[in-house]
Amino acid sequence: MKHSVSEQDFQKACASIPGGVNSPVRAFANVDCSPVFYDHAQGSHVWDVDGNEYVDFICSWGPMILGHRPAAVDAAVRAQLDKGVSYGAPCEAEIEMAQEICRIVPSAEKARMVSSGTEATMSAIRLARGFTGRPKFIKFEGNYHGHSDALLVSAGSGVATFGIPGTPGVTDGAVADTIVLPYNDLEAVEKAFQAQPDSIACVIVEPIAGNMGVVAPADGFLAGLRELCTRYGALLIFDEVISGFRAALGGAQERYGVLPDLCTFGKIIGGGFPVGCFAGRADVMSALAPEGPVYQAGTLSGNPVAMQAGLAQLRELQKPGVYERLEELGARLEAGLNEAIERTSTRACVNRVGSLCTLFFTDGPVRNWDDAAACDTQMFARYFRGMLDRGYLIAPSQFEALFLSVAHTEEEIDAFTTAVVDVLGDIAR
Ligand SMILES: *Cc1c(COP(=O)(O)O)cnc(C)c1O
């Protein structure tokens with residue numbers, strides 16, 4: 001496979017964009033090659049600027065759950081273009097979006113739209129602090145909640161991939177009230193609450209971790225967090241930016257039957273446009289300005305094009321069979337990967353929740369960040385390059401998920417896992 005145009009583009013990009021990319025996770029630096037520049041996409045396929053075709057297992061990091069260019073979303077966007085692209089004033093699509101979210105998401109009674117997942121989590125933390133009048137919060141190692149200062153400690157995703165130890169530019173003061181604990185360790189959370197029962201405003205958690213690779217919540221972990229938060233008067237925040245509208249229509253909270261006080265969304269909810277949302281208990285959400293005293297704002301929040309795209313996507317997701325289909329495809333992928341591991345005697349294991357799946361290069365099990373960090377990332381890099389050569393785009397990091405869409409087919413999953421057997425076989429030889 002030839003990548004000469006992508007390579008030239010990357011050289012040009014590096015001259016005017018730091019590192020050549022507008023988000024670090026897009027760089028292929030940790031898999032020892034230069035990134036592919038996309039030209040266009042359709043369904044489960046993308047084409048790069050060299051004319052290579054790939055089956056896409058990144059899906060824009062989650063938003064393209066229907067595949068690329070679903071007809072319903074395209075049509076909704078085109079229709080809105082004729083009516084104006086931004087108003088900075090209320091429009092009816094915003095009401096419809098809030099109503100949809102409150103109907104679909106079990107814990108949502110009111111919702112506020114923002115423009116990214118980062119904004120959603122940052123605002124939810126501020127709201128929790130404002131509502132409870134407490135300064136501190138708990139987050140978990142390897143969970144990623146966007147790049148706002150207080151949340152950028154022991155974060156997953158790009159921070160983990162690039163091994164950035166803390167982040168220059170984030171002051172000690174900004175993270176002084178951030179308590180970081182191991183994922184799936186309820187005892188550690190209980191101890192933290194016992195140590196400072198009156199100062200913890202909230203616990204924020206990825207109810208299904210997706211940014212250290214996929215890690216499911218241990219039995220009782222989410223219910224235990226719920227119980228501790230209630231007991232100590234803290235709020236529970238589920239960061240469902242990945243799991244929302246994916247783990248189930250109503251997200252991880254529906255899948256596991258545990259209700260947070262607040263939850264955050266992004267990715268899927270924008271239908272591919274820059275959108276985020278935080279939602280939850282009416283009494284807590286009502287503390288937001290202009291109803292209450294906690295300030296939060298956004299010039300492009302509730303943007304009409306983004307709302308129409310998101311609404312069209314949410315409507316498609318409510319058609320019968322979507323989540324059964326995603327589960328089937330996920331199960332097929334998991335089985336194929338496990339078979340590939342066995343046939344090639346590779347030291348690896350697979351974690352999967354629904355349509356999110358990670359092949360970890362470690363004996364496993366992987367239950368938290370320490371387990372994930374034990375992976376052989378050199379091995380991952382060789383696997384990544386082998387798959388790229390065979391026409392499969394996967395996230396260029398061990399600490400990310402394979403994202404499935406309803407546009408993927410059984411044949412594509414099977415061809416993918418057959419290619420994994422080839423690649424792992426080549427590496428073993
Ligand atoms: C992607 C992600 C975010 C940040 O969303 P952006 O839109 O990239 O700012 C926050 N939380 C989780 C769980 C995510 O996966």
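Just so you know, ligand 1 is whichever comes first in the structure, and atom 1 is the first atom listed for that ligand.
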Practice prompt. With heavy atoms under 4.0 Å as the rule, classify the contact between Glu206 and ligand 1 as side chain, backbone, both or neither.
Written response: side chain
Discussion item. Side chain or backbone, does His145 bring an N or O within less than 3.5 Å of an N or O on ligand 1?
Written reply: no
Worksheet item: Is any side-chain N of the basic residue among Asp177 and Arg134 closer than 4.0 Å to the acidic one's carboxylate O?
Response: no
Practice prompt. Measure from the ring center of His408 to the ring center of Phe57 and say whether it is less than 6.0 Å.
Written response: yes
Worksheet entry | Subset of ligand 1 atoms that lie under 4.0 Å from at least one heavy atom of Ser116 | 7 (O), 9 (O)
Worksheet item: Is the distance between the ring centroids of Phe384 and Phe28 less than 6.0 Å?
Response: yes
Worksheet item: Is Tyr323 close to Glu254 at the side-chain level, that is, under 4.5 Å between some pair of heavy atoms?
Response: no
Worksheet item: For atom 1 (C) of ligand 1, which protein heavy atom lies nearest, and how many Å away is it?
Response: Lys267 NZ, 1.6 Å
Practice prompt. Hey, can you tell me if Phe245 and Phe265 have their rings parallel, tilted or perpendicular (30° and 60° cut-offs)?
Written response: tilted
Worksheet item: What atoms in ligand 1 come closer than 4.0 Å to a heavy atom of Asn211?
Response: 12 (C), 13 (C), 14 (C), 15 (O)
Fill in: Heavy-atom protein neighbour under 4.0 angstrom from atom 8 (O) of ligand 1
no
Discussion item. Within ligand 1, which atoms have a heavy atom of Ile242 less than 4.0 Å away?
Written reply: 15 (O)
Item to complete: Could you check atom 11 (N) of ligand 1 against the protein and tell me its nearest heavy-atom contact, residue, atom and distance included?
Response: Asp239 OD2, 2.6 Å
Fill in: Shortest protein heavy-atom distance from atom 6 (P) of ligand 1, along with the residue and atom involved
Gly117 N, 3.4 Å
Worksheet item: So, Tyr383 versus Phe361, ring centres under 6.0 angstrom or not?
Response: yes
Worksheet entry | Nearest heavy atoms of Val366 and Cys349, plus distance in Å | CG2-SG, 4.0 Å
Worksheet, complete the sentence: Note: Thr264, heavy atoms under 4.0 Å from ligand 1, region reported as neither
